[in-house]
Amino acid sequence: MSLMSDKNFKMKMRDVETAFKYRRFPYPKRSVELIALLAISCTFFLFMHTNKLNSRLKEMEMKLQPSEFSALGLTGSNHLDGPKPEDINTLHGTYQYLKSTGQLDRLHPKLLNNTPFAQFDFLLFNRVPKVGSESLIELIRQLGEVNNFSVSRAPFSRPIHYHLNEVQQADLVDELYEMGPSHAYSIHVNYINFRQYDTSQPIYINMVRDPVERVISWFYYRRTPWNAVQNYRVSKKFFEPKFYKKDYEECVLKADPECVYEQGASFAQTKSQHIRQTLFFCGHDPVCEPFNSYGALQRAKEIVEHDYAVVGSWEDVNVTLKVLENYVPKYFRGATQLYYDGLANSKRNGNSWKPKIREEIKDLVRKNFTREYEFYNFCKQRLYKQYFALDNI
């Protein structure tokens with residue numbers, strides 16, 4: 001091989017070595033365009049997927065806010081699987097429904113706030129039994145010291161006012177007016193229309209609870225030692241020993257009269273059972289008396305819509321506190337902070353004597369509480385609407 005040929009060969013080998021070292025292979029023009037198109041497609045796919053993921057995370061954030069579905073151990077709102085988003089009777093379900101129907105952006109607190117129509121500066125908590133009212137009463141008492149209003153409550157010895165005639169209602173209205181303005185009062189009494197007695201409406205508030213959970217709670221509350229002692233102080237009587245030993249599940253399965261919830265049953269038949277949550281919102285008229293009746297349901301819903309500032313629930317503690325703070329600010333300013341500063345860590349009037357009841361027993365009882373549940377869910381949906389409306393201020 002000549003010197004020139006050897007030199008040419010070495011130069012070619014060096015070129016090949018350099019090409020492999022730096023990978024500078026030429027690409028056809030169409031291949032470059034294809035790679036660029038793939039890169040753009042991948043970038044667009046990642047953008048769309050990230051945007052969709054971000055939207056889902058926001059929805060999950062709304063659904064899983066820490067305490068929106070928590071309670072003070074009152075009902076079964078602590079299911080591990082959480083509430084189903086399609087259930088309109090949950091906070092998230094109501095949100096999704098309002099959003100999908102275009103109602104969410106049209107909500108406004110002014111349209112859902114009855115407080116300005118109460119010309120009597122008086123907070124009336126006509127409390128339903130076994131809805132966690134003792135906790136709310138204590139919160140109101142503490143708020144009275146902070147927000148400069150007076151607070152009182154009906155004594156235990158005072159009977160629950162289920163059915164008052166017009167004279168008795170008028171007397172109670174006069175009694176409450178004598179307490180004066182800037183006052184909060186709690187009492188077990190059915191709703192009274194103050195306007196019928198030529199006086200202004202107070203600021204009505206109340207609480208609701210899962211109807212069957214509430215009935216079970218009352219069943220065992222009646223059998224606690226402290227309640228037995230309090231009843232004895234008032235009536236000087238104790239029940240028979242077998243009354244205190246009665247088991248709720250057995251009571252239901254054996255169709256004991258105390259645990260039979262007959263549709264349309266008169267108030268006299270079920271007076272001691274506290275099975276009518278609607279009764280405290282419906283009022284004192286005969287239409288309110290039959291258990292689980294359509295008439296009582298419709299009357300109660302109408303009155304809540306037009307005359308109640310807030311109907312809350314400890315099952316939605318954060319929602320309830322925020323709505324109370326914003327819709328009844330004079331009495332509930334600072335309620336959330338005060339609640340979590342101490343009251344949240346204590347469960348007032350709790351009952352360690354109440355056993356856990358099987359879900360199948362509860363489901364069996366729920367079949368007779370259809371309209372009571374309809375009212376309960378109505379109140380919660382209204383509460384959620386008031387809550388979401390605050391975003392549109």
Side-chain angles (χ1 to χ4, degrees), residues 57-72 74-75 77-78 82-118 123 125 128 131-133 135-136 139-140 143 203-210 277 281 301 303-340 343-344 373-393:
L57 286 172
K58 285 183 178 179
E59 292 180 2
M60 289 178 68
E61 182 181 4
M62 171 63 68
K63 178 181 177 182
L64 300 176
Q65 286 189 24
S67 298
E68 308 294 26
F69 295 99
S70 65
L72 302 179
L74 298 180
T75 68
S77 59
N78 298 322
K84 295 180 180 180
E86 66 272 11
D87 184 359
I88 196 173
N89 298 317
T90 65
L91 180 70
H92 183 60
T94 300
Y95 173 82
Q96 294 286 28
Y97 173 77
L98 293 171
K99 184 178 179 181
S100 65
T101 57
Q103 298 180 56
L104 191 63
D105 295 334
R106 298 198 299 270
L107 294 176
H108 197 281
K110 287 184 178 180
L111 302 177
L112 296 167
N113 191 0
N114 290 327
T115 302
F117 303 112
L123 184 73
F125 177 24
V128 178
V131 294
S133 57
S135 294
L136 185 57
L139 179 62
I140 293 172
L143 285 168
I203 303 169
Y204 266 110
I205 64 166
N206 214 322
M207 302 285 277
V208 291
R209 182 179 177 181
D210 180 289
Q277 192 160 225
F281 301 88
K301 287 166 68 173
I303 289 173
V304 167
E305 191 74 25
H306 291 96
D307 281 343
Y308 275 82
V310 177
V311 177
S313 172
W314 286 123
E315 296 154 359
D316 296 282
V317 57
N318 277 4
V319 176
T320 296
L321 292 174
K322 185 172 181 178
V323 170
L324 284 169
E325 282 185 325
N326 285 274
Y327 287 78
V328 197
K330 175 175 178 175
Y331 291 90
F332 288 95
R333 185 175 63 253
T336 300
Q337 181 176 343
L338 191 61
Y339 174 81
Y340 282 109
L343 193 59
Y373 269 99
E374 184 176 342
F375 174 73
Y376 162 72
N377 290 325
F378 167 82
C379 290
K380 295 192 75 174
Q381 289 174 22
R382 178 177 183 261
L383 179 71
Y384 298 154
K385 288 172 67 176
Q386 289 178 311
Y387 177 71
F388 293 132
L390 295 173
D391 291 334
N392 295 333
I393 297 177

Q: Please indicate whether Gln103 has more than 12 foreign heavy atoms, meaning atoms of other residues, nucleotides or ligands, lying under 6.0 Å from its CD.
A: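 Buried by this count: over 12 neighbours within 6.0 Å.
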
**Q.** Residue Tyr373 excluded, over 12 heavy atoms near OH under 6.0 Å
**A.**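 Enclosed: over 12 neighbouring heavy atoms sit under 6.0 Å from OH of Tyr373.
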
Side-chain donor or acceptor of [X] paired with backbone N/O of [Y] under 3.5 Å:
X: Gln277; Y: Arg209; value: yes
X: Asp87; Y: Gly93; value: no
X: Asp307; Y: Ile303; value: no
X: Thr94; Y: Ile88; value: yes

Atom [atom1] in [X], atom [atom2] in [Y]: separation rounded to 0.5 Å?
X: Leu136; Y: Phe125; atom1: CG; atom2: CZ; value: 4.5 Å
X: Tyr327; Y: Asn113; atom1: OH; atom2: CG; value: 6.5 Å
X: His92; Y: Tyr97; atom1: NE2; atom2: OH; value: 15.5 Å
X: Lys330; Y: Ile203; atom1: NZ; atom2: CD1; value: 7.5 Å
X: Asp391; Y: Leu104; atom1: CG; atom2: CG; value: 7.5 Å
X: Gln386; Y: Thr320; atom1: CD; atom2: OG1; value: 9.5 Å

Heavy-atom distance under 4.5 Å between the side chains of [X] and [Y], does that happen here?
X: His306; Y: Phe117; value: no
X: Val304; Y: Phe375; value: yes
X: Val128; Y: Ser133; value: no
X: Phe388; Y: Leu91; value: yes
X: Phe281; Y: Val311; value: yes
X: Gln381; Y: Asn89; value: yes
X: Leu324; Y: Leu139; value: no
X: Asp210; Y: Tyr376; value: yes

Q) Between Val310 and Val323, what is the shortest heavy-atom contact and its length? A) CG2-CG1, 3.7 Å

(Q) I need the minimum non-hydrogen distance between His108 and Asn392, along with the two atoms involved. (A)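 Smallest interatomic distance, heavy atoms only, reads CD2-O, 3.7 Å.
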
Q. If you measure only the distance, is there a donor-acceptor pair under 3.5 Å linking the side chains of Asn318 and Tyr340?
A.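 Note: Asn318 and Tyr340 side chains meet the donor-acceptor criterion.
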
Q: Output every pair passing salt bridge (Lys or Arg N to Asp or Glu O under 4.0 Å) with a member in residues 376-390, not counting sequence neighbours, ordered by first then second residue.
A: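 Non-adjacent pairs meeting salt bridge (Lys or Arg N to Asp or Glu O under 4.0 Å): Glu315-Lys380, Asp316-Lys380.
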
Q: List the steps and the verdict of side chain to side chain contact (heavy atoms under 4.5 Å, CB included) for Leu143 and Tyr331.
A: CA-CA 7 Å; Leu143 285 168; Tyr331 291 90; over 6 Å; no

Q. Sequence neighbours excluded, which residues qualify as side chain to side chain donor-acceptor pair (under 3.5 Å) partners of Arg333?
A.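 With neighbours one apart ignored, the set is Asn147.
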
